[in-house]
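These notes concern the structure reproduced below.
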Amino acid sequence: MKKSAIFLTLLLVASIAGTYAVYELYVKDRMRELVEHTEQKKQLATRIQTLEATFLKTEPQVVLDAWRTSTQPWSEAVDGRARFFTMGSLVDKVEIPEEVLPKLYYKDEMPKRIKKLDDYALDKQVTVVDVNCGAPAANSFGAGTNPKKEEIANIIEKYDYCAAITKMLIDAKPILLQPLSIWLEEEIKLKSGKVIKRTTGISMQIRIQALTKFLDDLAQNERYFRVEELRMTNADLQQQDPMLNVEMVLSQAYFMPSKKAAAASADGSSQVNQRLNNVFGAGATPRRATGNEQERTWWQNFRRTWLPF
């Protein structure tokens, strides 16, 4: 009788311990998940009601398509204006290799650029008085000098701009092109950035038909050009296509967005899409990972493998 009582007592204790273990290791986690899922259900129900009231139960994709269609003309207009106010390839950044001394890079690179411009003028049969564009000679930085990379890069960039303007004028087929006078840049500050204006003084001898075509090409160009001043003189009015002495002030401008505006433009569409996805997508608070999902105990592994519940 005593042995049976002891056995029953041990069995009862084992049953209670097993029940407690099942509660702690399984039932308790499931109850916590049930509470979390119930809360998520309430959040989703509230969000659905808000969206239905706001968008009159319209399909989200319909709203997204309508929004993108309405904003597309604005985006295209902004892109078109940005492309209009640009220098194109006239202001390429000059990168000096780290392993080369700046003055040696200048000494090696500048003669190549000057020769390229000179060859271009000779090929087009245009006399260019100054193919050096006022840049220092290649051997200007001799022994004892150590110019910085920024200084050399700035000189080369200015020359590249002058050379690009010179080539553009050579394409207009003048007879003689005097040295260009490039003024200091003028900055016009705007709310989202600034417009940088570059003005060039031009003096050349050109026939009237070539000048007319050049001005017409400027007017139809996809980039901003403006003839600020124009003066023409002709010593012989009896010629059918007379040679003109032309003095011109030509301006270009490009828009440089502020860092904040550039960043907003770069990821603006992705931010808008993300916000829309947050509104129309799942968007609910993700279920918090429980302890048993991160690391299972021996009991959980045993239960999943051997027990049917």
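Worth knowing before you read on, the calculation uses all heavy atoms, side chains too, and leaves out hydrogens, waters and symmetry mates. Note that the structure is a prediction, hence the values are computed from the model and not measured. Numbers here are sequence positions counted from 1.
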Can you find a heavy atom in the side chain of Glu95 that is under 4.5 Å from one in the side chain of Lys93?
yes
Sort and list the pairs that fulfil disulfide bond (SG atoms under 2.5 Å apart) and have at least one residue in residues 144-222, not counting sequence neighbours.
Cys133-Cys162
So, using salt bridge (Lys or Arg N to Asp or Glu O under 4.0 Å) as the criterion, who are the partners of Lys149 when residues are at least two apart?
Glu98
Per the side chain to side chain donor-acceptor pair (under 3.5 Å) rule, what does the pair list look like for residues 164-186, sequence neighbours excluded?
Tyr120-Asp171, Glu185-Arg198
Apply the side chain to side chain contact (heavy atoms under 4.5 Å, CB included) test between Pro102 and each candidate in Ile156, Ile152, Ile155; give the one that qualifies.
Ile152
So, Glu187 side chain and Lys194 main chain: donor-acceptor pair closer than 3.5 Å or not?
no
Counting only heavy atoms not in Gln209, do more than 12 sit closer than 6.0 Å to its CD atom?
no
Do you know which two heavy atoms are closest between Met243 and Asn234, and how far apart they sit?
O-OD1, 3.4 Å
Check against side-chain contact (heavy atoms from CB on, under 4.5 Å), Val100 and Asp108
CA-CA 11 Å; Val100 180; Asp108 180 65; over 6 Å; no
Is there a side-chain contact between Pro136 and Tyr106 in this structure, where contact means two heavy atoms from C-beta onward sitting under 4.5 Å apart?
yes
Show the numbers, then the answer: is there a side-chain contact (heavy atoms from CB on, under 4.5 Å) between Val126 and Met204?
CA-CA 11 Å; Val126 176; Met204 59 182 175; over 6 Å; no
Are the charged groups of Arg226 and Glu228 less than 4.0 angstrom apart, N to O?
yes
Rounded to the nearest 0.5 Å, what's the gap from CG on Leu169 to CE on Met248? Could you check?
7.5 Å
Output the distance between atom CG (Asp118) and atom CG (Asp123), rounded to the nearest 0.5 Å.
11.5 Å
side-chain contact (heavy atoms from CB on, under 4.5 Å) assessment of Asp119 paired with Lys115
CA-CA 6 Å; Asp119 291 344; Lys115 185 177 186 307; 2.8 Å; yes
Minimum heavy-atom separation for Ala172 to Phe214, with atom names?
CB-CD1, 3.5 Å
At what distance, to the nearest 0.5 angstrom, does CD of Gln125 lie from CD1 of Ile175?
9.5 Å
Quick check for you: to the nearest 0.5 Å, what is the distance between Asp216 atom CG and Leu211 atom CG?
11.0 Å
Is atom CD of Gln205 surrounded by more than 12 heavy atoms (other residues, nucleotides or ligands) closer than 6.0 Å?
yes
Single-linkage hydrophobic cluster, 4.5 Å side-chain cutoff, Leu218 and Met232 together
yes
Measure the spacing between CD of Gln240 and CD1 of Ile208 and express it to the nearest 0.5 Å.
11.0 Å
Checking side chain to side chain contact (heavy atoms under 4.5 Å, CB included) against Thr38, which of Gln40, Lys42, Lys41, Glu36 comes through?
Lys42
Hey, are Asp29 and Arg32 close enough for a salt bridge, meaning a charged N less than 4.0 Å from a carboxylate O?
yes
Could you tell me if Tyr159 and Glu109 have a donor-acceptor pair between their side chains, going purely by distance under 3.5 Å?
no
side-chain contact (heavy atoms from CB on, under 4.5 Å), that's the test. Do Leu177 and Ile202 meet it? Break it down for me.
CA-CA 8 Å; Leu177 181 60; Ile202 302 169; 4.2 Å; yes
Applying the 4.5 Å side-chain criterion to the ILVMFWY set and letting contacts propagate, would Phe225 and Leu230 be lumped into a single cluster?
yes
OH-CD distance between Tyr105 and Glu99, expressed to the nearest 0.5 angstrom
10.5 Å
Taking CD1 in Ile96 as the centre, count heavy atoms belonging to other residues, nucleotides or ligands within less than 6.0 Å. Is the count above 12?
yes
Decide whether Val128 and Ile114 are clustered together by the hydrophobic rule: side chain heavy atoms of Ile, Leu, Val, Met, Phe, Trp, Tyr closer than 4.5 Å, transitively.
yes
Quick check: does any side chain N or O of Arg207 sit under 3.5 Å from a backbone N or O of Asp241, one acting as donor and the other as acceptor?
yes
Which pair of non-hydrogen atoms, one from Ala121 and one from Ile170, has the smallest distance, and what is that distance?
CB-CD1, 3.8 Å
What is the minimum heavy-atom distance between Pro174 and Ile206, and which atoms define it?
CA-CG1, 3.9 Å
